[in-house]
Amino acid sequence: MRLISSPTELTTAVTDAVIALLCIGVVVNVWRLRDHDRWKVSVWCWVFGLLALASTLGAVAHGLALTDSARSALWHPLYLTLGLTVALFFVGAVYDMLGKTVSRKLIPWCLGIGAGAYALTQILGGAFGIFLAYEAVVMVSVLVIYVLIAVSGRLPGATIMAGAIGLNLLAAAVQASDVSIRVIVPFDHNGVFHLVQIIAIAVLAYGLRIGLTRKMRNRQSSS
């Protein structure tokens with residue numbers, strides 16, 4: 001198996017691989033906080049774990065010189081995984097806003113919508129715009145949720161998480177554009193999207209960790 005010849009496809013593949021490794025690191029780090037809030041930690045570990053899987057598939061699809069049929073076959077699990085990732089992202093936000101009972105009831109519905117978004121892209125001939133619209137609607141909703149939580153002051157780290165989601169929306173806008181840059185090596189819109197997303201993931205993980213650790217400290221101080 002040989003690498004693809006396109007420089008921008010290679011940088012996209014490398015940044016995909018960086019995202020996968022970063023998400024695996026976040027899963028390990030967040031899982032260590034499971035005693036603080038096991039349900040919340042489990043949901044977010046699934047979010048980052050699925051994103052790591054999708055990024056790994058993306059690295060292979062962009063980085064290797066595959067046949068058209070082999071590359072097309074990789075997009076199916078990749079889109080499905082991303083759809084489920086976005087769905088669980090919403091579940092995690094609802095948990096912080098409304099609690100465990102409501103978020104648990106939403107899981108089958110959200111996963112069904114995520115899978116449905118993938119199915120719709122296939123029915124319409126792989127139209128990526130459908131998935132971008134689905135992601136935008138969900139992530140804007142999540143942004144609103146965390147802004148409201150931040151204003152209420154109920155969750156430490158909510159402001160940071162809202163900022164991370166804003167960065168993620170900016171990344172999605174970049175991916176939908178034709179922007180390109182050169183920083184030693186060339187990056188097309190997918191590569192730039194990944195660069196912004198790497199920052200967003202790191203910021204999100206930081207905000208998530210603050211919320212979990214402060215919650216445990218509050219429990220300890222009240223006991």
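Quick note: residue numbers are just sequence positions, from 1.
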Nearest 0.5 Å, please: how far is CG in Leu33 from CZ in Arg38?
12.0 Å

Could you give me the CA-CA distance, side-chain angles and deciding distance for Ile165 and Val140, then say whether side chain to side chain contact (heavy atoms under 4.5 Å, CB included) is met?
CA-CA 8 Å; Ile165 296 157; Val140 167; over 6 Å; no

Shortest non-hydrogen contact from Thr12 to Gly191?
OG1-N, 3.5 Å

If you look at every heavy atom in Leu66 and Ala61, which pair is closest and at what distance?
CD1-CA, 4.2 Å

Check whether any side-chain heavy atom of His189 lies under 4.5 Å from a side-chain heavy atom of Asp178, and answer yes or no.
no

Between OG1 of Thr11 and CG of Asp16, what distance do you get to the nearest 0.5 Å?
10.5 Å

Give the minimum heavy-atom separation between Ala200 and Leu167, together with the two atoms involved.
CB-CB, 3.7 Å

So do the side chains of Gln175 and Asn190 get within less than 4.5 Å of each other, counting heavy atoms only?
yes

Can you confirm whether His194 sits close enough to Ile19 that some side-chain heavy atom of one is under 4.5 Å from a side-chain heavy atom of the other?
yes

May I ask whether Leu212 and Leu98 are part of the same hydrophobic cluster, defined by side-chain heavy atoms of I, L, V, M, F, W, Y residues being less than 4.5 angstrom apart, directly or through others?
yes

Counting only N and O atoms by type, is there a donor-acceptor contact under 3.5 Å from the side chain of Arg209 to the main-chain atoms of Gly157?
no

Report the distance from atom NZ of Lys40 to atom CG of Leu208, rounding to the nearest 0.5 Å.
5.5 Å

Checking side chain to side chain contact (heavy atoms under 4.5 Å, CB included) for the pair Val138/Phe89: CA distance, chi angles, key distance, verdict?
CA-CA 8 Å; Val138 175; Phe89 211 116; 5.5 Å; no

Nearest non-hydrogen partners of Ala52 and Ile24, listed with the distance
CB-CG1, 4.0 Å

Reported CH2-to-CG distance for the pair Trp44 and Leu204, which is rounded to 0.5 angstrom
5.0 Å

Smallest separation among heavy atoms of Val203 and Ala164, with atom names
CG1-CB, 3.8 Å

Does the side chain to side chain contact (heavy atoms under 4.5 Å, CB included) test come out yes or no for Leu195 and Ile181, once each step is laid out?
CA-CA 11 Å; Leu195 292 175; Ile181 62 173; 4.3 Å; yes

How close do Glu9 and His62 get, heavy atom to heavy atom, and via which atoms?
OE1-ND1, 2.9 Å

Mind running side chain to side chain contact (heavy atoms under 4.5 Å, CB included) on Asn168 and Glu135 for me, showing each step along the way?
CA-CA 10 Å; Asn168 193 70; Glu135 181 183 28; 4.0 Å; yes

Counting only heavy atoms from other residues, nucleotides and ligands, does the tally under 6.0 Å from CH2 of Trp39 exceed 12?
yes

Hydrophobic clustering (ILVMFWY, side-chain heavy atoms < 4.5 Å, transitive) - are Met97 and Val102 grouped together?
yes

Give a yes or no answer on whether the side chain of Arg34 reaches the backbone of Trp31 with a donor-acceptor pair at less than 3.5 Å.
yes

Out of curiosity, Trp46 CH2 to Leu53 CG, how far, rounded to the nearest 0.5 Å?
10.0 Å

For the residue pair Tyr118 and His76, categorise the inter-ring angle as parallel (less than 30°), tilted (30 to 60°) or perpendicular (more than 60°).
perpendicular

Assigning hydrophobic clusters by single linkage (Ile, Leu, Val, Met, Phe, Trp, Tyr; side-chain heavy-atom cutoff under 4.5 Å), is Leu21 placed with Leu50?
no

Group every Ile, Leu, Val, Met, Phe, Trp and Tyr by side-chain heavy-atom contacts under 4.5 Å, then state whether Tyr206 and Ile199 land in the same group.
yes

Nearest 0.5 Å, please: how far is CG in Leu106 from OH in Tyr95?
14.0 Å

Residue pair Ile201 / Cys23, side-chain heavy-atom distance below 4.5 Å
yes

Find out whether Ser72 and Asp68 are in side-chain contact, i.e. whether some heavy atom of one side chain is under 4.5 Å from a heavy atom of the other.
no

When you compare the side chain of Thr8 with that of Ser180, does any pair of heavy atoms fall below 4.5 Å?
no

Spell out, yes or no, whether Leu148 and Val142 are grouped together once hydrophobic residues are joined by side-chain heavy atoms under 4.5 Å, including indirect joins.
yes

